[in-house]
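Let me begin by presenting the structure, written as structure tokens, before commenting on it.
Just so you know, residue 1 is the first one in the sequence shown, and it goes up from there. Worth knowing before you read on, the calculation uses all heavy atoms, side chains too, and leaves out hydrogens, waters and symmetry mates.
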Amino acid sequence: MDLHIQTPLIQSPILSAGQQEVWLKMEAFQPSGSFKIRGIGRACTTYAQSGAARFVAASGGNAGIAVAYAGRALSIPVVTVVPQTTSVKACDILRLYGAEVIIAGANFNEANRFARSLLQPTDAFIHPFDDPHLWSGHASMVDEIKASNIRPDAIVLSVGGGGLLAGVAEGLNRQGWGHIPIIATETYGAASLHASLQAGKLTSLDEVATLATSLAAKQICGQAWEVCQTNKVISARVSDAQAVQACEAFLEDHRVLVEPACGASLALAYSRAKELADLRKIVIIVCGGATMSPQMMATWLEQTSSARFD
């Protein structure tokens with residue numbers, strides 16, 4: 001039972017230039033608001049079939065909302081632990097899908113520890129990015145890209161904990177496309193993948209500071225690091241200002257509101273970044289953002305108004 005939908009793959013005439021075609025994989029159209037439902041839906045379905053009586057998650061963002069959506073679809077109770085920084089809107093969406101919301105901890109790590117302390121023998125803990133079921137579910141978007149008869153020269157995606165990176169790499173490998181580069185985009189304040197690549201080993205950041213809160217993981221998961229050893233992964237970084245301005249431009253150009261984590265990837269196309277030079281067909285994963293609002297975007301645009309695209 002798939003809980004996700006097949007999303008459109010559309011060419012953007014605005015982002016395409018000259019001989020270069022930019023294609024958008026519209027994961028923002030998923031029923032939970034982001035790509036997360038692909039992998040989390042796979043995980044929740046698998047755990048339900050194994051007898052899980054309750055799902056427990058720690059996330060006040062896209063992952064938590066995907067778990068809540070899956071729990072409702074599968075008629076299994078969900079407990080979501082969110083940090084104190086979680087927006088009222090996010091909590092409202094979680095409750096809308098029927099999840100019990102517990103506010104605990106000043107950050108994700110503290111919320112995660114509390115969530116794990118709640119686990120009972122018949123519970124399934126749904127991790128936001130570090131689970132093979134998630135990677136397998138996320139890989140399905142590559143299957144859809146190939147079925148669309150579009151063979152990209154590169155896939156652009158955003159990286160937080162690395163679950164999407166691991167899933168896209170799995171999809172590329174099983175389709176015989178393992179040689180296709182993945183351009184992995186982060187904001188400067190949350191560039192844990194970039195730091196690991198620079199160090200030549202899996203590295204944790206001392207702190208993260210970014211408006212793109214969905215990317216605010218101090219360290220990528222081990223599988224994402226393994227992907228960097230087996231696939232061609234190109235690191236790209238953008239500023240918070242670029243990410244937010246890309247969200248604004250994307251809303252105006254494509255009538256879709258996404259969060260800064262998604263805007264980070266879109267910013268590469270809007271700024272004609274060097275990482276995209278000499279590529280003819282590019283697919284950007286428009287990963288979405290279930291908790292984004294016009295008011296939040298307006299606030300962030302004001303905060304970053306002194307900065308412009310490079």
Has [X] got a side-chain atom pairing as donor or acceptor with [Y]'s backbone, closer than 3.5 angstrom?
X    : Y    : result
S50  : T46  : yes
K36  : P128 : yes
S265 : I284 : no
S16  : V22  : yes
S271 : A267 : yes
K89  : M292 : yes
Q6   : E144 : no
S59  : G64  : yes

With a 4.5 Å limit on heavy-atom distance, are the side chains of [X] and [Y] in contact?
X    : Y    : result
P83  : T86  : yes
L276 : I183 : yes
K281 : R151 : no
Q245 : Y270 : no
L165 : I220 : no
Q20  : L279 : yes
V233 : W225 : no
S192 : E186 : yes

Reported [atom1]-to-[atom2] distance for the pair [X] and [Y], which is rounded to 0.5 angstrom:
X    : Y    : atom1 : atom2 : value
T213 : N62  : OG1   : CG    : 8.5 Å
I282 : E21  : CD1   : CD    : 10.0 Å
L172 : K232 : CG    : NZ    : 13.5 Å
F35  : M141 : CZ    : CE    : 6.5 Å
I150 : I10  : CD1   : CD1   : 12.0 Å
L301 : C247 : CG    : SG    : 8.5 Å

Under the ring pair (Phe, Tyr, Trp, His ring centres under 6.0 Å) test, which residues partner Y97, sequence neighbours left out?
Y69
Pair listing, ring pair (Phe, Tyr, Trp, His ring centres under 6.0 Å) test, anchored in residues 142-168, at least two apart:
none
Please name the pair of heavy atoms, one in [X] and one in [Y], separated by the smallest distance, quoted to 0.1 Å.
X    : Y    : answer
F125 : A115 : CE1-CB, 4.0 Å
F250 : V256 : CD2-O, 3.5 Å
I76  : A52  : CD1-O, 3.7 Å
S214 : E259 : OG-OE2, 2.8 Å
A58  : F108 : O-CE1, 2.9 Å
G288 : V258 : O-CB, 3.9 Å

Could I get the full list of side-chain hydrogen bond (donor to acceptor under 3.5 Å, both in side chains) partners for S140, not counting sequence neighbours?
R38
H254: partners by side-chain hydrogen bond (donor to acceptor under 3.5 Å, both in side chains), with sequence neighbours left out:
S12
Residue that, paired with E27, satisfies side chain to side chain contact (heavy atoms under 4.5 Å, CB included) out of L157, L164, T7:
T7
Show me the pairs that pass side chain to side chain donor-acceptor pair (under 3.5 Å) and involve residues 197-210, at least two apart or across chains.
T187-T210, T210-D240
Between H138 and V168, does a side-chain contact (heavy atoms from CB on, under 4.5 Å) hold up when you go through it step by step?
CA-CA 6 Å; H138 298 335; V168 167; 5.9 Å; no
Salt bridge (Lys or Arg N to Asp or Glu O under 4.0 Å) partners for R54, two or more places apart
D123
Same cluster for L118 and I126 if Ile/Leu/Val/Met/Phe/Trp/Tyr side chains link at under 4.5 Å?
no
Tell me yes or no: between the side chains of Q175 and D143, is some donor less than 3.5 Å from an acceptor?
yes
I'd like to know whether CD of Q19 has more than 12 heavy-atom contacts from other residues, nucleotides or ligands below 6.0 angstrom.
no
